[in-house]
Structures are given as C-alpha cells and as structure tokens.
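The block underneath contains the structure these notes are about, expressed in structure tokens.
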Number of protein chains: 2
Amino acid sequence: MRSDELAGAAGAAAERPPGDSKSERTRRRILDAAALVLRRKGYAGTRLSDIAKVAGMQAGSLYYHFSSREALVAEVMGTGVAVVQAQMQAALAALPPEASHRNRLAAAIEIHLIAVLEQSDYASATIKLLGQVPKDIQKQQLANERAYGKLWRQLLRDAREAGEIRGDLNLSAMRMMIVGALNWAVEWYHPEDGPAEQIARDFVEMVLHGLVPRR
Amino acid sequence: MRSDELAGAAGAAAERPPGDSKSERTRRRILDAAALVLRRKGYAGTRLSDIAKVAGMQAGSLYYHFSSREALVAEVMGTGVAVVQAQMQAALAALPPEASHRNRLAAAIEIHLIAVLEQSDYASATIKLLGQVPKDIQKQQLANERAYGKLWRQLLRDAREAGEIRGDLNLSAMRMMIVGALNWAVEWYHPEDGPAEQIARDFVEMVLHGLVPRR
DNA sequence: GTCTATAACCGGATAGAC
DNA sequence: GTCTATCCGGTTATAGAC
C-alpha cells in the first residue's frame, strides 16, 4: 500500500534511468519500505534491519543498492517533495482555466494535506524527518524544496495581485502559517479523525475566512 | 541565556523540592544545557557528551544527577509544557475581566508563539522532540500535555458559546490548525525573520479574519 | 543479488579513585 | 560531586561465499 507514487520526478531521485529491471524494482521496494518505517519511527528510531525486514531481505543486502543509510534516507526525502510537487502541479493544471485564485489556493491546501496524510509515505516521512536528519541531508533537502516553495509563493502572490486575498499581511507569514498547519497534521492525525478531505475542508474554510463570523 | 523559566510547575518536573542547594543548581544547569542542545540537534543528534560539554562537565558525571538519558530528556519535556502552560495561565489571568473571548484567544496565540520562538529552549525542544522520542517518553508526554490541551479547548468553546467565533467549524480542527501552525514555526523561524511579536500579530489576524478581504 | 559472518565503531552506562 | 577508565550492547558497514 501507498507505494503508487512515481519516483524520479525531481531532486535526489532524478539521476536514475526510468528502466524497470529487477534491480530497479528491488531498489524501489527498499525505498518504499524505508519511507514506511521512517514515517512511523522517525530517523533515530529506524534501524536498517527494520527496513530490510519490511523489504524482505537482510540488512547487509541493502548496501548493494545504496551506499549508506544517509544516502537511502536522502533519497526518500527527495522523492517526498517530488511526489507532492508533481501532484500539486497536475492538480492545478487540471483546474478549469476560469478557476479563481482562491479556488486554486483551496486546491493546493487539499492536495498537500491529502498527500501527506493518506497518499504518500514518502511525503509524510519527509516532513517528519526534516527536523531530525543530520545537517548535510537537511541542506540538500532545503534545496530540493525550493521549487515547491516557489509554487506556493506564486499562488499567493497571484491571488494578492488579483485582489482576491488581503494585501495587508506578510506573504511569507501566510505561507508559513498555512503550510505549517498542514505539515503539523502528520504529528496528530489518525485515520479515526475522519477522512483527510474533511479536515482539508475545515482548514480551507479557516484559512480563507477565519474564525470570526461574517456579519 | 534562556534559562529564566521556572521549573516544577507541573508534569515530570514536579517532585523536586524548591530548594537551591549546589546540587540543585547543577541539576538545573544540566537541564538548561540539555534543552539548548536538544532544541538545536534533536533527539537523534544529541550526545550526552554534547550536553555535558555545555554544562561544563564530563559525560559520566551526568549520572550523578539523572538515572539515564531518557530520564533527562523526559524531564526537559515535562518542564517544556509546564513553562508554557504557566505563562499562558498567568497572561490570561492578567487580562482585564472585560476582555473579549477573541482577545483572550489572541493573547493565547501570542504567548504560545513567543514562548516557543524566543523565550524557552524547554518549550521549543519539547515541540521538536515530540515526534522523535521513544514510545514510553511520548506517552508520558501526552499525559503531561493533557491539561494544556484542555486550556485551549476551553478557550475555543467559551468563544463559540459567546458567539464570538463561528459555530460551523469543528472545534478540534480549529485547535489543531492553530496550535499546529504555531508549533511548526520552530522548524523555520530564525531571528532574522523579525520579532516573534510581529509574526504573532500576522497569525492572529489570519486566524481571526482569514485571507479573504472583508468587503 | 543476496546471504552469513564479522569487523569497526560509537555512545550509553557503570565502577572506583579522588 | 566530579573525574577517568572501561565495559557492554547495538548498529552501520564490509568481506567473501554462494
């Protein structure tokens, strides 16, 4: 489950050929296993032997496919951003051209939250790991995320220029607040809390209109 | 710096006598050092030797004051919630009795954000560590945080019952969204981003009124 | 490509001197 | 109370058989 994402869209996962050899598929199986375990146990709590077990092999065998634990983790994280970014771009492109900027913003919130809560272990693992990994990986990851951040900035800037959102608030504060609230959901969300779509709807409502009742 | 918080208000930090013996002060020095290092390096990245160095002693000496690494971390986290909760209660109590529920909510947002960004390494370390520590500590910590969560629920419920905030949104989604956005700030905030007060003002504005301009 | 075995390396924890 | 020295367990990483 949850392994239906396409790797290789950007970031650290970009250099591989698109082939589908046996080795290539094993490699993917390992990455999927790593994303799953990392998402659940975090960086400190994840042993290579845990990942190997889920992938159905011995810990030592991982080294045929990856040069180190760090390299494996870094690739999971690179894939994480790539997946969300790709889905977001696809979803935005699929909106009717007459969709308002507010609609586009709402769609972005929904996509990000669903990807992170339900769709991709890569995405949720990546968010969780951001504050846990060693400096080298972290730096690389921040570079990976630049394009994604740009997407959000664009969305907000366009909306503001069109007069669809307020002009008196700091754009980067807006972005940090929105994405922050979405990212933090990985810390508390359980499927019993209901479908991510419902939570996304409430979040959109709050982001756009706030808690104060319109009179 | 940043060591001006009062421990012992609640949670794991509660059993100690309020004394100020040499041993007591050393213990506090170690806790302060631990909070500082944990906040910066996270659970996985923090060595006992790092903490010892900051506290000005050898790693082995820590064991005179704490029974294990886990015990030390758990106490930092217990203090973290206690600090924020105490400050919040004090700030709310200091508001004029005629303050609106929305004002109280705004104050809560401000206090939480400032505590977490500028005032307390215990608070920021605690937030960062939540998703990183082993299950036993995590469980204990969730218990520690129950009272603090109750405070927020109360704040929102009162505001809703008074008709000061909308009745059509899930209360717990509101709480998760607000606190989540605040907590996530520890992941991105740097002092160059400006004073926490400014960020708090923008956050309050967004939470209360949303991004859509009032007509 | 994957296995088994083991090397090499920490880092937490303990013991005993001072 | 703190130091130095050391033990001990666990984990990454490597070597060589299959």
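The sequence lines fix the lettering, A, B, ..., with proteins before strands; numbering per chain opens at 1.
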To the nearest Å, how far apart are [X] [atom1] and [N] [atom2]?
X     : N      : atom1 : atom2 : answer
B/Y63 : D/dT4  : OH    : P     : 17 Å
A/I51 : D/dT12 : CD1   : C1'   : 12 Å
A/L62 : D/dT12 : CG    : P     : 10 Å
A/D50 : D/dT11 : CG    : C1'   : 11 Å
A/R29 : C/dG1  : CZ    : C1'   : 11 Å
B/I30 : D/dG1  : CD1   : C1'   : 10 Å
A/L48 : C/dC10 : CG    : P     : 16 Å
B/E70 : C/dG11 : CD    : P     : 17 Å

* Asked: Does the side chain of B/D136 pick up a donor-acceptor pair with the side chain of B/Q140 at under 3.5 Å?
  ->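 B/D136 vs B/Q140: no donor-acceptor pair found between side chains.
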* Quick one: do the B/Q85 and B/E145 side chains pair a donor with an acceptor below 3.5 Å? -> no
Candidates [options] - which lies nearest the side chain of [X]:
X     : options               : value
B/S23 : D/dG1, C/dT2, C/dA13  : D/dG1
B/Y64 : D/dA13, D/dC3, D/dT2  : D/dT2
B/H65 : D/dT2, D/dG1, D/dT14  : D/dT2
B/T26 : C/dT2, D/dT4, D/dT2   : D/dT2
A/R69 : C/dG11, C/dT2, D/dA13 : D/dA13
A/Q58 : C/dT4, D/dC3, C/dG1   : C/dT4
A/M57 : C/dC3, C/dG1, D/dT2   : C/dC3

* To do: Mind telling me whether B/H112 and B/Y148 have parallel, tilted or perpendicular rings, with 30° and 60° as the class edges?
  =>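 Ring orientation of B/Y148 relative to B/H112: parallel.
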* Asked: Closer than 4.0 Å, any side-chain N/O of A/S61 to the OP1 or OP2 of C/dG1?
  ->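 No, because none of the side-chain N or O atoms of A/S61 sits under 4.0 Å from OP1 or OP2 of C/dG1.
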* Asked: Can a side chain N or O of A/R47 be found less than 4.0 Å away from OP1 or OP2 on D/dT12?
  -> yes
* Can you tell if the side chain of A/I109 reaches within under 4.5 Å of the side chain of A/I178, non-hydrogen atoms only? -> yes
* **Criterion side chain to side chain donor-acceptor pair (under 3.5 Å) on B/Q132 and B/Q138, from CA distance to verdict** => CA-CA 8 Å; B/Q132 309 190 14; B/Q138 204 162 23; over 6 Å; no
* How would you label the contact of B/T46 with the nucleic acid (heavy atoms, under 4.0 Å): base, sugar-phosphate, or nothing? -> sugar-phosphate
